[in-house]
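Written below as structure tokens is the structure these notes are about.
Every chain is numbered from 1, with letters handed out A, B, ... down the list of sequences.
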2 protein chains.
Amino acid sequence: MHYLDHAATTPVLPEVKDLMLAYLGDDFGNPSSVHSFGRKAREAVEVARERFAQAVGTSPAEIIFTGGGTEADNLALKGAAEKLAGNGRHLIVSAFEHHGVLDSAHYLERHGFEVTICPVERSGHVDPARLAGLVRSGTTLVSVMTVNNEIGTIQDLGMISAAVKSANPHTLVHTDAVQALGNIPIDLHAWNVDLAAFSGHKIGGPKGVGACFIRAGVPVEAVIHGGGHEKGLRSGTLNVPGIAALGLAAEVAAKEVYEKNERLGAMKARLLDGVTRIVPDVVINGSLEDRVAGNLNICIPGTEGETLLLLLDQAGFACSSGSACQSGALDPSHVLLAIGTPRELAQGSLRFSLGRASTDEDVDALLASLPEIVRRARKVA
Amino acid sequence: MHYLDHAATTPVLPEVKDLMLAYLGDDFGNPSSVHSFGRKAREAVEVARERFAQAVGTSPAEIIFTGGGTEADNLALKGAAEKLAGNGRHLIVSAFEHHGVLDSAHYLERHGFEVTICPVERSGHVDPARLAGLVRSGTTLVSVMTVNNEIGTIQDLGMISAAVKSANPHTLVHTDAVQALGNIPIDLHAWNVDLAAFSGHKIGGPKGVGACFIRAGVPVEAVIHGGGHEKGLRSGTLNVPGIAALGLAAEVAAKEVYEKNERLGAMKARLLDGVTRIVPDVVINGSLEDRVAGNLNICIPGTEGETLLLLLDQAGFACSSGSACQSGALDPSHVLLAIGTPRELAQGSLRFSLGRASTDEDVDALLASLPEIVRRARKVA
């Protein structure tokens, strides 16, 4: 099998798995326990917090560990919106946010908040000036994802934050950075954002763990209440093996990002070149500028994504149509619709996402099989 | 080291760790993916759901996987309270509930709900008649934990549910069963409860995973919104290794419960006998009837729990004062206060919780060291 779906999830790095095993083994303590088992676990959590903070350009005290990226998005959006409701009840989210953001915003809408959807340019960019034009005196939070999970577009969060804050200095900026870590260098302090969401399993860590950056001084209400863990912002026994793994995976991701991107960039160029040759009428979704190195998202006119996926799977290739984050969805991707892709064309989208484990051989094998797969998919449709 | 703190957390069972390793290795797919990696992951989740449902006496479709027990309590309480707000805004929780329940109730109190705290008897029992007497026409939910995490008292949930529902057939019954699974046989359908919370790491599974039982037809709003996983009740990529582990751990826990209890019951009898001999004025917290086999919770007059813990730790014994679930709390246990323990005495509490890995040798070693530890703790205080 050739795995070309790293934006859906990644294999756990061997060194990360080894670290987890220690905390799934003899060092199994509960970090809230006073005794030595507890202290060892607590130490692992704090080492991970330092590693993670370093990887994303924050202080360790600004990192709250969660059960995943979606939970971190919920904490940032609902948590800040609730705490700041006295200042205003207006939020802005971009049209192609992850559903962890969109559905949190919709939930808030059902509870007396007003949500404005900021349109996205055809290139996949959020225009900072257009966004800032939507900010009002009662706008407490704006959310724009650093890297889109389907088309890989990279936003300039520094520009976005500056534009938003010049329109209203009290408006918080949240970014879902789940697809950014390991794919671009991250410096949250330099970008001047207030909140950010991360996930472990997209960066060679395990599923079931994530992190929320909450800038010092930003008020947030918990989403999960209980024993007061993580400064009362995320109660529940800490997932020590997962957190230790997340810390190490983030460190590795940040360290390897330049080298990895060089390698994946060359690989994607070959993939793009081959696909364009095989499918001359292929549509590339989103600009090829400001895009993570491993992402290629295309529409093949006259095909359905579902059919393409199944044929590719039978031929030994794992990739996706839309994202894997929307469980069982059959609608055309909201991301492609947001960048102006016609509904019928959007049905035939394919996302290839190369990652750390990808090789030239994966690309060669795909290009060798693609002509026959496209022919059969067109016949079915 | 002698680990006598199984109510805080348990070592991961070897067979459970082995199962996790498969999904931390080659079978790393995202269960929402269409391709074969995804299908394999999805299969693991559904096998786990069947195993878990079987272990607790429900249908698989009634099990929602979460990031832990506290999150499951939040989902049950907040989720049901919100959905049923049209019927009434009154909840009842027992005075010694886990903080995942208590703090969810307090959160709801800050959002227009009324919460009644049901007192607990000195024995550690919740009196069904007393509880039912608090139920009103607008009471939408009652929460009583199956097994208390500090003193190990087992409630008769069948009786509680019957009493509550005879007072108001529309009132839902939730139970935090985190400390029950593996310690007593569980049959949620027979008990006629509507909601229940479970955790992985208390039963030989990993940290960072739990489950919420939601009886078919019971309306619950999600706490974490996003891609619509778990029927829209808990969004976020499923923690496949953790969920697979939880399913297997629950199966083992349910299968071994009788044999384990026989063994631990004899061990605790020896421990209790020795402690009573060494500390003649020892106070046993909670009734010894209706109590899980491995739990012993005592107060040693004239000592402080913190001092006892540190001395025990130095001597090689891991146990706790209060519970590990309240991060860094120094106040006397709300559980001991709820059963009428004087505040000063409650400061000197110790919880021993024997588990699957406990041996007679652990008990012998503890009894050999205890006289000197008590002497020194009394000298410090």
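Contacts of B/H6 with chain A are absent, with no heavy-atom separation under 4.5 Å from either backbone or side chain. Contact annotation for A/L75: neither backbone nor side-chain heavy atoms come within less than 4.5 Å of a heavy atom of chain B. Proximity to chain B (any heavy atom under 4.5 Å) is restricted, for A/E82, to the side chain, taken from C-beta onward. Only the side chain of A/R110 comes within less than 4.5 Å of a heavy atom of chain B; its backbone N, CA, C and O stay farther away. Of the atoms belonging to A/T10, it is backbone heavy atoms, and not side-chain ones, that fall under 4.5 Å from chain B. Contacts of B/R39 with chain A are made by side-chain atoms alone, with heavy-atom separations under 4.5 Å and no backbone atom involved. Looking at A/L102, neither its backbone nor its side chain comes within 4.5 Å of chain B, counting heavy atoms on both sides. Contact of B/L312 with chain A is not made at all, since no heavy-atom distance falls under 4.5 Å. In this structure, the portion of A/E221 lying under 4.5 Å from any heavy atom of chain B is its side chain and not its backbone.
The shortest heavy-atom contact between A/M1 and B/S36 is CE-OG, 3.4 Å. Nearest heavy-atom pair, B/A318 versus A/F37, reported as atom, atom and distance to 0.1 Å: CB-CD1, 3.7 Å. Pairing each heavy atom of A/T70 with each of B/G226, the nearest pair is CG2-CA, 4.3 Å.
When atom types are taken as modelled, the side chain of A/D103 and the backbone of B/H225 share no donor-acceptor pair closer than 3.5 angstrom.
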Go through the steps for B/T237 and A/T9 under the test side chain to side chain contact (heavy atoms under 4.5 Å, CB included), then give the verdict. CA-CA 9 Å; B/T237 297; A/T9 195; 5.6 Å; no

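Per-residue heavy-atom pair counts under 4.5 Å with chain A were compared for B/G29, B/G38, B/G68, B/G67, and the maximum is reached by B/G29. Heavy-atom pairs under 4.5 Å with chain B were tallied for A/L21, A/I243, A/D27, A/V16; the largest tally goes to A/L21. Here B/F28 is the residue among B/F28, B/Y107, B/F317 with the most heavy-atom pairs under 4.5 Å with chain A. Of the listed residues A/V12, A/L309, A/T66, A/N74, the one with more heavy-atom pairs under 4.5 angstrom with chain B than any other is A/N74.
Under the 4.5 Å side-chain criterion, counting only non-hydrogen atoms from C-beta, B/D313 is not in contact with A/V34. Residues A/S33 and B/D5 have side chains in contact (heavy-atom distance under 4.5 Å, counting atoms from C-beta outward).
Annotation: the span from A/N239 atom CG to B/K207 atom NZ amounts to 8.5 Å, rounded to 0.5 Å. The structure places CD1 of A/I224 at 9.0 Å from OG of B/S104, a figure rounded to the nearest 0.5 Å. How far NE2 of A/H2 is from NE2 of B/H35: 14.0 Å, rounded to the nearest 0.5 Å. The distance from the CG atom of B/N30 to the OG atom of A/S320 is 9.5 Å, given to the nearest 0.5 Å. Expressed to the nearest 0.5 Å, how far CG of B/L238 lies from NE2 of A/H201 amounts to 10.0 Å.
Counted within 6.0 Å of CG on A/D26, heavy atoms from surrounding residues, nucleotides or ligands total 12 or fewer; the atom is thus considered open.
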